[in-house]
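Computation of the quantities below employed the complete heavy-atom set of this structure, encompassing side-chain atoms and omitting hydrogens, waters and symmetry-equivalent molecules.
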Amino acid sequence: MSSRLGDRNVWFGLLLGMLGLIYIRSMAASGLAEVPHIMASLTILIPMTLFGVVLRSPWPAIVALVALMVINMTLS
């Protein structure tokens, strides 16, 4: 487990996951996103970020952020 904690790709993926949480929070604060949209966003973000940690790759978190942007674009 210590080798996974020292990997920069893991930390970058987790950082992207935190950025996604901030993005979801801003969608909720703007008033456009309601509970179903927020839950769908979390359903995409959390598993994809954890999948990236398991794979030691930031790409699943990047895909999740793109999906969040698509969800946000469909709201406006």
For residues 58-73, which side-chain donor-acceptor pairs fall under 3.5 Å, sequence neighbours excluded?
from  : atom 1 : to    : atom 2 : distance (Å)
Asn72 : ND2    : Tyr23 : OH     : 2.9

Task: Remaining members of the apolar cluster that contains Leu55, side-chain heavy atoms under 4.5 Å - done: Phe51

Task: Rounded distance [0.5 Å steps], CZ in Arg56 versus CG in Asn9 - done: 10.0 Å

Open item on the list: If the condition is side chain to side chain contact (heavy atoms under 4.5 Å, CB included), which residues does Ile38 pass it with, not counting sequence neighbours?
Closed with: Ile24, Ala28, Ala33, Leu42

Open item on the list: Can you pull out every side-chain hydrogen bond (donor to acceptor under 3.5 Å, both in side chains) where at least one residue sits in residues 25-44? Sequence neighbours excluded, please.
Closed with: none

Task: Joint cluster assignment, Leu32 & Met39, ILVMFWY side-chain distance < 4.5 Å - done: no

Task: Where Leu45 and Leu21 come nearest, the two heavy atoms and their spacing - done: CD2-N, 3.6 Å

